[in-house]
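The block underneath contains the structure these notes are about, expressed in structure tokens.
Below, each value reflects all heavy atoms present in this structure, side chains not excepted, and no hydrogens, waters or symmetry copies. Predicted, not measured: the structure shown is a model, and the values here were computed from it. Below, read A as the first sequence line, B as the second, and so on, with proteins coming before strands; counting in each chain starts at 1.
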Amino acid sequence: GQQLNQSPQSMFIQEGEDVSMNCTSSSIFNTWLWYKQDPGEGPVLLIALYKAGELTSNGRLTAQFGITRKDSFLNISASIPSDVGIYFCAGRNSGAGSYQLTFGKGTKLSVIP
Amino acid sequence: EPEVTQTPSHQVTQMGQEVILRCVPISNHLYFYWYRQILGQKVEFLVSFYNNEISEKSEIFDDQFSVERPDGSNFTLKIRSTKLEDSAMYFCASSRDRGLTNEKLFFGSGTQLSVL
């Protein structure tokens with residue numbers, strides 16, 4: 001199956017700092033989604049990207065769909081303590097007839113007040 | 001805001017027993033999914049369901065698994081004879097559309113299944 005490499009695996013930052021994480025794939029996706037998961041909860045959709053080159057913001061979050069369609073990044077600006085959690089990228093290539101999402105392994109974010 | 005609800009939140013069962021995990025998708029959604037997450041690992045696709053039939057399944061979704069939409073609101077995942085390795089958090093998800101520009105997948109809070 002398709003594999004997603006998500007990095008970094010974890011990060012510790014000071015409150016107020018900006019954060020960047022990314023996902024790369026060996027194959028093309030036509031949809032990228034970014035989710036946040038709090039402990040014991042399900043993933044919550046943050047940003048959805050549907051077109052190569054697309055740059056989308058949601059408050060302090062910005063995500064981009066890479067031009068090659070093999071990568072995406074998520075930036076969080078001016079981090080706050082409630083940003084703590086695990087961030088997952090997820091991709092799909094429905095052009096191959098599959099609608100299942102392939103998830104990255106997650107980036108665990110810790111924010112030091 | 002509408003949400004996907006799952007019950008129970010925790011399920012403990014003996015190996016070999018049958019379990020049914022229940023989900024109520026968002027009411028105007030048409031596509032339903034089950035995913036699972038083994039502790040500390042990534043979320044993995046199990047199955048998708050549309051128009052009262054399975055539209056796609058992964059290699060994890062073997063003959064021990066089945067899904068059903070018994071009425072207009074519930075969507076269930078049954079594991080016929082549970083194994084230790086079935087222990088995981090099981091997430092139900094739903095979406096209204098399925099396409100390149102409209103699909104947004106919403107997840108429930110999950111059922112933590114522990115097989116002893």
Side-chain angles (χ1 to χ4, degrees), chain A residues 1-10 21 23-25 28-54 56 58 63 65 69 85-108, chain B residues 1-10 21 23 25-26 29-51 54-61 88-112:
Chain A
Q2 293 173 317
Q3 298 289 325
L4 281 184
N5 295 312
Q6 184 170 351
S7 64
Q9 200 170 19
S10 63
M21 58 193 79
C23 276
T24 58
S25 169
I28 287 172
F29 287 112
N30 55 22
T31 301
W32 284 96
L33 304 170
W34 283 93
Y35 287 88
K36 182 188 178 207
Q37 185 179 28
D38 291 325
E41 297 291 324
V44 175
L45 182 65
L46 299 174
I47 293 181
L49 302 160
Y50 302 108
K51 206 163 57 171
E54 182 179 356
T56 297
N58 178 10
F65 192 144
R69 295 167 62 192
I86 301 178
Y87 292 79
F88 289 98
C89 63
R92 180 179 59 235
N93 181 8
S94 56
S98 169
Y99 287 86
Q100 63 177 275
L101 289 177
T102 299
F103 280 79
K105 292 186 177 179
T107 295
K108 186 175 181 180
Chain B
E1 189 171 329
E3 57 183 26
V4 177
T5 57
Q6 289 185 244
T7 56
S9 57
H10 292 85
L21 310 182
C23 169
I26 295 173
H29 284 191
L30 300 175
Y31 301 89
F32 314 116
Y33 309 83
W34 284 100
Y35 283 76
R36 79 171 187 191
Q37 185 179 31
I38 294 172
L39 184 64
Q41 298 187 23
K42 65 178 182 179
V43 177
E44 300 174 293
F45 171 79
L46 293 178
V47 66
S48 63
F49 190 87
Y50 169 70
N51 200 26
I54 291 173
S55 48
E56 189 176 1
K57 60 183 181 179
S58 71
E59 58 271 14
I60 301 170
F61 193 88
M89 180 75 93
Y90 287 80
F91 293 110
C92 175
S94 70
S95 64
R96 188 189 65 185
D97 304 294
R98 194 171 74 173
L100 291 181
T101 58
N102 294 324
E103 181 178 351
K104 292 181 180 176
L105 203 61
F106 294 91
F107 285 81
S109 296
T111 293
Q112 178 64 55

Closest non-hydrogen atom pair, A:Thr56 against A:Ala48: OG1-O, 4.4 Å
Which atoms of A:Gln6 are under 4.5 Å from chain B, going by heavy atoms: the side chain, the backbone, both sets, or neither? neither
Taking the six-membered ring for Trp, are the ring centroids of A:Phe88 and A:Tyr35 within less than 6.0 Å of each other? no
With a 6.0 Å cut-off on the ring centroids, do B:Tyr35 and B:Phe45 count as close? yes
Applying side-chain hydrogen bond (donor to acceptor under 3.5 Å, both in side chains), name anything that partners B:Ser55, two or more places apart in sequence or on another chain. B:Ser48
Could you tell me which of B:Met89, B:Gln37, B:Gln6 has the largest number of non-hydrogen atom pairs under 4.5 Å with chain A? B:Gln37
Where on B:Gln112 is there a heavy atom nearer than 4.5 Å to chain A: the side chain, the backbone, both, or neither? neither
